[in-house]
Amino acid sequence: MNVQHKGTALITGANNGIGLELTRRLLNEGWQVAALIRSAFPADDLLIKEAVKSSRLRIYTADLADFSSLRGALDRIKAGEPKLELLFNNAGGSFPELLYSPQGRELHYELQTVVPYIITKELMNLLLKGTLRTVINTSSNAILSVKSFDPALLEQPRTFRKLFGPYAVSKLALSLWTQEIAPALAAEGIMIRSADPGGNNTLRKDKDSGLPFYIKPLMKMFFRHPSYGAGLLYNAALGSHKDKPGIFLMKDRVSSLKFTRHAPSVLKKVEDIYLQEFTEVTVIS
Ligand SMILES: NC(=O)c1ccc[n+]([C@@H]2O[C@H](COP(=O)([O-])OP(=O)(O)OC[C@H]3O[C@@H](n4cnc5c(N)ncnc54)[C@H](OP(=O)(O)O)[C@@H]3O)[C@@H](O)[C@H]2O)c1
């Protein structure tokens with residue numbers, strides 16, 4: 001394939017669903033991809049196989065919700081990648097019950113709100129060495145369903161609902177800190193925004209989806225192929241809004257966030273976890 005290299009995009013959760021389709025699209029367009037993933041890519045994917053062989057796709061493995069594992073992978077990325085153009089914080093999903101990270105925080109919150117902040121902070125220097133210097137946080141239109149929001153409950157929610165409970169709240173918290181931090185990051189040269197990838201059928205036989213029972217048949221019948229969501233994330237990074245920091249995009253349109261008065265306290269929370277906990281983490285080998 002004779003394609004001109006466009007630089008490197010780091011994608012979390014690149015091995016399945018929307019992240020996999022984004023990886024495939026970027027590779028097909030001549031990008032290199034650094035994949036930060038927990039489990040393997042599909043073994044039968046020829047594009048992926050070829051890209052790994054030619055080192056256009058470089059794999060870094062971690063359970064992102066485990067700070068020791070994440071620390072190790074970030075260290076390997078810093079050692080292995082000279083610079084990054086794009087960072088897609090995409091790993092996540094709706095879990096079927098209340099679960100907690102090894103650090104003791106509710107799992108949606110840890111994985112989808114806290115960890116994207118940590119990865120962004122840790123990889124800022126690599127982004128600053130690139131030209132596009134863009135971070136896209138994968139949010140969700142499920143945030144529209146959030147009726148009440150208390151940052152004090154993010155770590156230990158009192159109640160649980162599939163998709164519309166801690167999942168939706170953690171995505172709202174992600175979009176809130178993204179909006180709040182954006183001016184400061186823009187002043188340093190980094191563009192950050194969040195985007196909803198829309199409805200994509202990413203059901204897997206081997207995974208309990210954590211979706212309400214009535215959503216699964218709807219997903220099978222009406223949700224799009226995950227290349228649709230990959231396209232929306234791609235546009236969020238490189239499309240017509242590429243010079244706008246902090247925005248939340250749905251279907252390629254700038255959309256407003258609810259509960260923005262809480263954005264400073266959400267940002268403070270993730271910042272504190274990063275500075276007080278993550279920077280102290282050592283890698284257990
Ligand atoms: N599908 C939709 O309609 C939709 C709508 C709105 C937002 N989203 C968001 O889009 C993103 C991608 O979701 P998807 O629909 O493509 O789901 P998916 O096919 O289940 O992909 C999720 C990805 O996240 C990874 N991941 C989950 N937990 C992880 C952990 N602890 N450490 C490392 N990686 C982890 C998964 O890794 P494994 O392969 O190891 O499980 C997988 O690669 C998520 O943030 C999701 O919330 C999806």
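First listed ligand is number 1; within each ligand, the first listed atom is number 1. All values below come from the heavy atoms of this structure, side chains included, with hydrogens, waters and symmetry mates left out.
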Atom NZ of K258: over 12 foreign heavy atoms under 6.0 Å: yes
Heavy atom of [X], distance to ligand 1 below 4.0 Å:
| X | result |
| --- | --- |
| S139 | yes |
| A62 | yes |
| P197 | yes |
| I37 | no |
| P226 | no |

K49 vs D45, salt bridge (charged side-chain N to carboxylate O under 4.0 Å, His left out): CA-CA, chis, key distance, verdict: CA-CA 6 Å; K49 267 187 172 166; D45 191 315; over 6 Å; no
Geometric class of the F149/H262 ring pair [parallel <30°, tilted 30-60°, perpendicular >60°]: tilted
Aromatic ring pairing F95/H108, orientation class (parallel under 30°, perpendicular over 60°, tilted between): tilted
Side-chain heavy-atom pair L10, E81 within 4.5 angstrom cut-off: no
Give the atoms of ligand 1, by number and element, whose distance to some non-hydrogen atom of [X] is under 4.0 Å.
| X | value |
| --- | --- |
| T138 | 9 (C), 10 (O), 11 (C), 45 (O) |
| Q112 | 47 (O) |
| I18 | 1 (N), 10 (O), 15 (O), 16 (O), 48 (C) |
| N16 | 19 (O), 39 (O), 42 (C), 43 (O) |
| Y167 | 6 (C), 7 (C), 8 (N), 9 (C), 46 (C), 47 (O) |
| A91 | 24 (O), 25 (C), 26 (N), 34 (N), 35 (C), 45 (O) |
| S39 | 38 (P), 39 (O), 40 (O) |
| L64 | 30 (C), 31 (N), 32 (N), 33 (C) |

Before signing off on this row, confirm whether [X] and ligand 1 have an N or O atom pair separated by under 3.5 Å.
| X | value |
| --- | --- |
| R38 | yes |
| F95 | no |
| D63 | yes |

Donor + acceptor pair across side chains of E122, Y274 (<3.5 Å): yes
Pair E21 + R224: basic N to acidic O under 4.0 Å: no
Has [X] got a side-chain atom pairing as donor or acceptor with [Y]'s backbone, closer than 3.5 angstrom?
| X | Y | answer |
| --- | --- | --- |
| R105 | E155 | no |
| N200 | T202 | no |
| E85 | L132 | yes |
| R133 | M191 | no |

Among G19, G92, A40, closest by any non-hydrogen atom to atom 22 (C) of ligand 1: G92
Heavy-atom proximity to atom 5 (C) of ligand 1, best of G229, S140, G210, G198: G198
N90, portion touching ligand 1 at heavy-atom distance under 4.0 Å: both
Which segment of D66 sits under 4.0 Å of ligand 1 when only heavy atoms are counted: neither
Reference residue L36; test side chain to side chain contact (heavy atoms under 4.5 Å, CB included); the match among L123, I59, I11, I119: I119
Joint cluster assignment, I18 & L47, ILVMFWY side-chain distance < 4.5 Å: yes
Nearest protein heavy atom with distance in Å, relative to atom 3 (O) of ligand 1: N200 N, 2.9 Å
